[in-house]
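The shown structure was predicted, so the numbers you read here are calculated from the model rather than taken from an experiment.
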Amino acid sequence: MLRSLQPAAGDRGLIGADPELCAQLLGVDGIAACATTADSQSELLWCTEGTSTWLEDLQFTLGQGPGPEVMVTCAPVLVPDLSRVAAGRWPVLLPEAAALGIGAVFCLPLHVGSACLGTLTLQRAVPGPLPDETLTDAWLVANALTAVLLHGGPQRDAFARADSGSELYRAVAHQATGMISVQAGVPLARALLLLRGYAYGHGQSLVEAAEDVVARRLSFRNDENGPETSGEGTERP
């Protein structure tokens, strides 16, 4: 499994291997790996389908959770029972994660020294700590993923350029943030906050709201009445 994390020749993705098999070997319900971008955001690279993907989207949309915390501290965040986390730590994420049926989450940094290159997040429905041997194996996977991110190659070069040869899951969010910055006349960090607030308030993921901005169905031009929409967005019922 560790050897297969390196992408094969011709792969578009930055990480090889099957995340479902990796999660099964680690005894968890889902797994996700993200890279830290130049603007200190995260880019989802490799993930089991379903709950783990939704969790990563939630963290990206809300800007809170174990992943964002690990990116700032470059230290592991191990939460064996989400129901016991203080409500003020991740006030919006916690009820959303509970609704997804997540009972425990374990997030490890992909790091070199104090530089956090990304995160590896494991989640499962049943609360409880990871056995020591499983945590050791998870660190082995995290270290192998760090090596993949550091390894030169066409996939990483395409990712760094954010060009058509890479599969950037959240490229549209970065594009939309730039558009909002121009429309509203605010810095990029503030533009991302505006996008996050709109997405959460309208029951969308940040990527869905970003798609509306890029498609020009949604505009954040300075207006006391708030963002303008064309009425053709992707807002959920």
Side-chain angles (χ1 to χ4, degrees), residues 19-20 23 28-37 39-73 76-110 116 118-127 138 167-177 180 189-214 218 227 233-237:
E20 298 284 353
V28 294
D29 295 328
I31 190 169
C34 293
T36 305
T37 62
D39 56 356
S40 299
Q41 299 303 315
S42 67
E43 176 62 42
L44 183 60
L45 301 177
W46 184 71
C47 192
T48 53
E49 294 183 2
T51 302
S52 284
T53 303
W54 298 331
L55 175 61
E56 294 304 319
D57 279 347
L58 270 175
Q59 294 187 95
F60 187 62
T61 299
L62 301 174
Q64 60 181 240
E69 196 169 295
V70 168
M71 286 199 304
V72 171
T73 64
V77 172
L78 308 178
V79 185
D81 190 344
L82 273 178
S83 69
R84 294 180 175 271
V85 175
R89 185 175 183 181
W90 306 317
V92 185
L93 179 82
L94 287 173
E96 299 282 356
L100 289 176
I102 299 173
V105 62
F106 311 95
C107 189
L108 307 179
L110 310 181
C116 186
T119 58
L120 173 68
T121 303
L122 291 68
Q123 60 80 19
R124 68 181 183 206
V126 178
E167 292 186 341
L168 280 171
Y169 180 74
R170 294 171 177 151
V172 68
H174 302 297
Q175 183 180 355
T177 300
I180 294 169
R190 173 63 178 166
L192 181 58
L193 288 176
L194 290 173
L195 183 59
R196 279 177 168 155
Y198 181 89
Y200 183 73
H202 289 77
Q204 295 179 298
S205 72
L206 190 138
V207 170
E208 289 171 333
E211 288 171 345
D212 285 344
V213 173
V214 172
L218 174 64
T234 58
E235 182 177 342
R236 295 173 185 170

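Put simply, the residue from Leu82, Leu62, Thr61 that forms a side-chain contact (heavy atoms from CB on, under 4.5 Å) with Leu93 is Leu62. The side-chain contact (heavy atoms from CB on, under 4.5 Å) with Pro109 is formed by just one residue from the set Val77, Val70, Thr36; it is Val70.
Of all the heavy atoms in Ala125 and Asp29, the pair that sits closest is N-OD2, 2.6 Å. Gln59 and Gly67 make their closest contact through OE1-N, 2.7 Å (heavy atoms, listed as atom of the first residue, atom of the second, distance). Contact record, Thr121 with Cys107: OG1-SG, 3.3 Å, taken as the closest heavy-atom pair. Taking every heavy atom of both residues into account, Pro76 and Leu108 meet most closely at CB-CD2, 3.8 Å. Contact detail for Leu195 and Ala209: the closest heavy-atom pair is CD1-CB, 3.8 Å.
Between Thr177 atom OG1 and Arg190 atom CZ the span is 13.0 Å, to the nearest 0.5 Å. Taking CG of Leu218 as the start and CD of Gln204 as the end, the distance is 8.0 Å to the nearest 0.5 Å. To the nearest 0.5 Å, atom CD of residue Glu20 and atom SG of residue Cys47 are 9.0 Å apart. Here the CD-CD distance, from Glu43 to Glu56, works out to 11.0 Å after rounding to the nearest 0.5 Å.
Taking the side chain as every heavy atom from C-beta outward, Asp212 and Glu208 never approach each other to under 4.5 Å. Side-chain atoms of Val105 and Leu55, non-hydrogen and from C-beta on, do get closer than 4.5 Å to each other. Put simply, the side chain of Phe60 does not reach to within 4.5 Å of the side chain of Leu44, judged on heavy atoms.
Panel note: side chain Gln64, backbone Val92; a donor-acceptor pair is recorded below 3.5 Å. Remark: the backbone N or O of Pro127 is not paired with any side-chain donor or acceptor of Asp81 at under 3.5 angstrom. In this structure a side-chain-to-backbone donor-acceptor pair under 3.5 Å is present from Thr53 to Thr48. A donor-acceptor pair is defined here as one N or O able to donate and one able to accept, closer than 3.5 Å; such a pair exists between the side chain of Ser52 and the backbone of Ile31. Here the side chain of Gln123 pairs no donor or acceptor atom with the backbone of Ile102 at under 3.5 angstrom.
For Glu69, the side-chain hydrogen bond (donor to acceptor under 3.5 Å, both in side chains) partners are Arg89, Trp90, not counting sequence neighbours. Qualifying side-chain hydrogen bond (donor to acceptor under 3.5 Å, both in side chains) partners for Thr73, counting only residues two or more places apart in sequence or in other chains: none. For Arg124, there are no side-chain hydrogen bond (donor to acceptor under 3.5 Å, both in side chains) partners at least two apart in sequence or on another chain.
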